[in-house]
Amino acid sequence: MKLGAVVCSSAIFLFILHATICAWGYDPSPLQDFCVAIHDPNHYNSAVFVNGKFCKDPKLVKAEDFLFQGLNIPGNTNNKQGSNVTLINVDRIPGLNTLGISLARIDYAPYGLNPPHTHPRGTEILVVVEGSLLVGFVTSNPDNKLFTKVLYEGDVFVFPIGLIHFQFNVGHGPALAFAGLSSQNPGTITIANAVFGSKPPISLDVLTKAFQVDEKVIEALQMQFE
């Protein structure tokens with residue numbers, strides 16, 4: 001990374017000389033074309049740790065480091081939610097490291113749901129390729145305002161970074177969407193899994209008070225994620 005600096009000074013003489021000096025530093029752009037991620041830096045010389053990953057020696061980088069094949073293959077939606085997310089992040093394309101972008105294919109069975117979740121490190125932009133989806137996101141406290149829309153083929157919708165959002169297939173047939181995310185590793189927190197499927201489980205006292213329900217309701221929900 002390079003560092004630029006601007007130094008400015010001003011002086012005003014009103015019986016007393018006043019001098020103000022300010023400095024500004026910035027880091028505008030990388031000084032390398034890419035930083036292909038590697039899992040084991042011991043196999044390479046001079047590996048550099050950048051944002052969670054080690055960088056491969058550029059002399060050893062291959063075209064395959066920037067390639068993923070098979071995104072045309074539908075994901076298996078035979079599950080409780082009736083959906084499947086095929087995420088193409090830095091773990092599947094090492095060349096994505098430090099580039100701030102990733103991609104996902106989302107398949108939906110009829111009435112399939114991509115349940116409420118968040119991406120803590122990325123904004124998502126979704127385009128519907130097939131079918132129709134009810135989508136939405138909820139703003140932060142205290143408003144908790146729901147923005148929702150039914151999308152059809154060719155429609156595009158944005159989910160802001162960190163906000164809870166979902167997609168539900170409202171059609172009688174399968175649906176397909178692709179999503180771009182503004183991080184090479186945006187992360188996913190599925191709300192129900194995190195709250196009721198944590199390991200070890202969150203205290204019943206906490207959850208019953210938070211959701212204002214009987215312990216048996218919480219226990220039944222936790223059993224769904226065992």
Gly131 and Val128: which non-hydrogen atoms are nearest, and at how many Å? O-CG1, 3.5 Å
I'd like to know if the side chain of Asn141 pairs up with that of Asn144 as donor and acceptor (distance under 3.5 Å, no hydrogens or angles considered). yes
With Thr118 via side chain to side chain contact (heavy atoms under 4.5 Å, CB included) - residues at least two apart: Pro120, Ile164, Ile189, Ile191
Residue pair Glu215 / Leu204: nearest heavy atoms and the distance that separates them: OE1-CD1, 4.1 Å
Can you name the residues that form a side chain to side chain contact (heavy atoms under 4.5 Å, CB included) with Lys149, not counting sequence neighbours? Leu151, Phe157
Once ring pair (Phe, Tyr, Trp, His ring centres under 6.0 Å) is applied, do any residues pair with Phe196, and if so which ones, sequence neighbours excluded? Phe211
Which pairs with one or both residues in residues 117-137 pass salt bridge (charged side-chain N to carboxylate O under 4.0 Å, His left out), sequence neighbours excluded? none
Side-chain contact, heavy-atom cut-off 4.5 Å: Phe159 with Leu126? yes
Distance, nearest 0.5 Å, that separates OG1 of Thr208 from NZ of Lys216: 14.0 Å
Using every non-hydrogen atom in the two residues, find where Ser132 and Asn169 come nearest and quote the distance to one decimal. O-OD1, 3.2 Å
Side chain to side chain contact (heavy atoms under 4.5 Å, CB included) with Val156: which residues, sequence neighbours excluded? Ile125, Val127
Taken in chain and number order and not counting sequence neighbours, the residues that satisfy ring pair (Phe, Tyr, Trp, His ring centres under 6.0 Å) with Phe66 are Phe34
Distance (rounded to the nearest 0.5 Å) between Leu181 CG and Ile161 CD1: 10.0 Å
Once rounded to the nearest 0.5 Å, what's the spacing between atom CG of Leu99 and atom CG of Leu96? 6.0 Å
To the nearest 0.5 angstrom, please state how far the CD1 atom of Ile218 sits from the CG atom of Leu221. 5.5 Å
Applying side chain to side chain contact (heavy atoms under 4.5 Å, CB included), name anything that partners Pro160, two or more places apart in sequence or on another chain. Phe137, Leu163
Could you pull out all donor-acceptor pairs under 3.5 Å where a side-chain atom in residues 100-108 meets a protein atom, sequence neighbours excluded?
{"from": "Ser102", "atom 1": "OG", "to": "Ser183", "atom 2": "O", "distance (Å)": "2.7"}
{"from": "Arg105", "atom 1": "NE", "to": "Asp107", "atom 2": "OD1", "distance (Å)": "3.2"}
{"from": "Arg105", "atom 1": "NE", "to": "Asp107", "atom 2": "OD2", "distance (Å)": "2.9"}
{"from": "Arg105", "atom 1": "NH1", "to": "Leu71", "atom 2": "O", "distance (Å)": "2.8"}
{"from": "Arg105", "atom 1": "NH1", "to": "Asn72", "atom 2": "O", "distance (Å)": "3.2"}
{"from": "Arg105", "atom 1": "NH2", "to": "Asp107", "atom 2": "OD1", "distance (Å)": "3.0"}
{"from": "Asp107", "atom 1": "OD2", "to": "Gly75", "atom 2": "N", "distance (Å)": "2.8"}
{"from": "Tyr108", "atom 1": "OH", "to": "Gln167", "atom 2": "OE1", "distance (Å)": "2.8"}

Sorted by first residue and then second, give each side-chain hydrogen bond (donor to acceptor under 3.5 Å, both in side chains) pair with at least one member in residues 60-70; sequence neighbours left out. Lys56-Asp65
Closest non-hydrogen atom pair, Asn84 against Thr86: OD1-OG1, 3.4 Å
Gln212 and Lys209 have their tightest heavy-atom pair at NE2-O, 2.5 Å
Which other residues belong to the hydrophobic cluster containing Leu134, where Ile, Leu, Val, Met, Phe, Trp and Tyr are joined when side-chain heavy atoms lie under 4.5 Å apart, directly or via other members? Tyr111, Leu113, Val138, Leu146, Val150, Tyr152, Phe166, Phe168, Val170
Is there a continuous path of hydrophobic side-chain contacts, each under 4.5 Å between heavy atoms, that joins Val129 to Phe68? yes
In Å, rounded to the nearest 0.5 Å, how long is the span from CG of Leu133 to OG of Ser83? 10.5 Å
Under the rule for side chain to side chain donor-acceptor pair (under 3.5 Å), what residues qualify as partners of Asp214, not counting sequence neighbours? none
Set of salt bridge (charged side-chain N to carboxylate O under 4.0 Å, His left out) partners for Asp91, sequence neighbours left out: Lys53
Can you name the nearest heavy-atom pair linking Thr98 to Gln184, along with the distance? N-NE2, 3.3 Å
Can you measure from NZ (Lys199) to CG (Asn193) and round to the nearest 0.5 angstrom? 8.5 Å
